[in-house]
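Here you go, one structure.
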Amino acid sequence: ALEAVHLSPVRAVVHVTGGAAQSLGWVMAVPGASRTVLEARVPYARTAMVDVLGAEPSSYVSAQTAMGLARAAYKRGVKLSPPHGSEHRNVVGVGCTCALASVPAKKGAHRCVVATFGVLGSATYELMLQKDLRDRWEEDGLASRVVVQALADAAVEAEAARAEAEMDGDAADAVFPKNKPDAVEKRHAFTIPMDLTDGDALSHTRNKLEDPIASLLAGDLALVELIGGTVTAVECVPAYGHLVLPGSSSSLVGFGTSSSVVSCLSRLSVNSVRTVPSASTRAAFQT
């Protein structure tokens, strides 16, 4: 599966908080990892976690915290992407937080939560482990498999979006297909063997970003970047120079957006417009 991940267009930043540490070695031991992994970080100490998240989490092991790590990883990945082009549309942030076997023994449940975040949407994986069945290394191995599964699923999504774009010749419609079968279901999905028992439980939820402009207007996203009508980044923009224009505008000329996007532009404030050394014009809209 990792060979296929490294051949896909996905580019990842991974944040694991001590647990699931084996996943980093597995991913980077397979040739081609440099095409996939932009950066990997282990914010193990509580102060390191707060530094990544920007605030003290209400719970260090939760879906919310894992998603916070994934969003922070995604923003870091966009920043690390090449300054020109739209390669950052393939960036995915992966966050993992765990409560595994340790010394002294933990009183609570042994569990792992992994989250991914990118322009195609987000996903959460929650693994509950039977206590007193495995040692720390074995539990870490299972948590690492969940991280690899999440990365493999993100790679399948990225590959499906690329295939849709090539087939349809319409990048915007390919990234956010409407009235079409799920693009991911058209591609082969990899299932990482877990070797779970009846006392273990693994759940998975996935939220596709069907309409980023609607999410922006609803306040679910703070920022959306468009290139030629295609959404290439959310929540942040690549780290190259841009011109910030205060105030608002009711129209944009020569932007080439789809009709669904254009119908929403009059309700948005234009906070940032950037041009790069190419024919593409980039704009970031922020509520």
Side-chain angles (χ1 to χ4, degrees), residues 1-16 19-20 22-30 32-33 35-40 63-74 76-78 87-98 111-128 141-165 174-177 180-196 200-210 212 231 234:
L2 284 172
E3 290 86 351
V5 170
H6 296 334
L7 290 173
S8 78
V10 76
R11 302 293 179 264
V13 170
V14 183
H15 288 162
V16 297
Q22 295 177 60
S23 64
L24 302 181
W26 297 345
V27 170
M28 289 183 278
V30 176
R35 291 194 296 268
T36 300
V37 181
L38 293 170
E39 184 177 84
Q64 181 179 5
T65 299
M67 187 58 68
L69 290 169
R71 282 175 174 261
Y74 169 77
R76 177 68 174 162
V78 171
E87 188 171 320
H88 55 282
R89 68 179 284 190
N90 296 314
V91 169
V92 171
V94 181
C96 173
T97 180
C98 302
R111 61 195 188 281
C112 167
V113 187
V114 179
T116 60
F117 182 84
V119 298
L120 294 176
S122 61
T124 304
Y125 305 75
E126 297 195 43
L127 174 64
M128 298 294 294
L142 284 176
S144 295
R145 289 174 181 270
V146 179
V147 170
V148 173
Q149 182 68 68
L151 189 57
D153 290 346
V156 169
E157 287 186 319
E159 183 60 44
R162 179 170 66 178
E164 288 280 352
V175 175
F176 302 103
K180 295 182 178 181
D182 191 334
V184 176
E185 294 179 357
K186 296 179 181 180
R187 321 303 293 179
H188 176 64
F190 299 98
T191 301
I192 308 300
M194 293 290 177
D195 192 25
L196 300 179
D200 305 315
L202 176 63
S203 61
H204 169 220
T205 58
R206 174 172 169 265
N207 297 303
K208 293 179 66 177
L209 187 58
E210 298 282 4
V231 175
V234 293

Notebook entry, point to check: Would you say the side chain of V146 lies within less than 4.5 Å of the side chain of M194, judging by non-hydrogen atoms?
Noted result: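 Of all side-chain heavy-atom pairs linking V146 with M194, at least one is under 4.5 Å.
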Margin query: Do V92 and F117 have side chains that approach each other closer than 4.5 Å (heavy atoms only, starting at C-beta)?
Written below: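 Not touching, per the 4.5 Å side-chain cut-off.
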Notebook entry, point to check: Which atom names give the shortest non-hydrogen contact between L69 and H15, and what distance separates them?
Noted result: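 The pair with the smallest heavy-atom distance is O-ND1, 3.3 Å.
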Check: Can you find a pair of side-chain heavy atoms, one from V91 and one from V10, that are under 4.5 Å apart?
Finding: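 No, too far: nothing below the 4.5 Å cut-off.
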Check: Of the options R162, R89, R206, which is the one that meets E157 in a salt bridge (Lys or Arg N to Asp or Glu O under 4.0 Å)?
Finding: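 The salt bridge (Lys or Arg N to Asp or Glu O under 4.0 Å) with E157 is passed solely by R206 among R162, R89, R206.
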Item checked: Note, V113 side chain near T65 side chain (heavy atom, < 4.5 Å) ->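 V113 does not reach T65 side chain to side chain.
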Note to self: Using 0.5 Å steps for rounding, measure from the CE atom of M67 to the OG1 atom of T97.
What the structure shows: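 Between atom CE of M67 and atom OG1 of T97 there are 13.0 Å.
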Check: When rounded to the nearest 0.5 angstrom, what is the spacing between CZ in R76 and CD in E39?
Finding: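 R76 CZ to E39 CD: 4.0 Å, rounded to 0.5 Å.
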Next item on the list: Kindly give the heavy-atom pair with the smallest separation between H6 and R35, and that separation in Å.
Entry: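 In terms of heavy atoms, the two residues are closest at O-NE, 3.1 Å.
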Margin query: Nearest 0.5 Å, please: how far is CE in M128 from CG in L196?
Written below: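 L196 CG to M128 CE: 12.5 Å, rounded to 0.5 Å.
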Notebook entry, point to check: So which heavy atom on Q22 is nearest to which on G141, and how close?
Noted result: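 Closest pair (atom of Q22, atom of G141, distance): NE2-N, 3.1 Å.
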Notebook entry, point to check: In Å, rounded to the nearest 0.5 Å, how long is the span from CG of L120 to CG of D153?
Noted result: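 Result: 12.5 Å between the selected atoms.
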Item checked: From CD (Q149) to OG (S23), nearest 0.5 Å ->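 Spacing of CD (Q149) from OG (S23) equals 13.0 Å.
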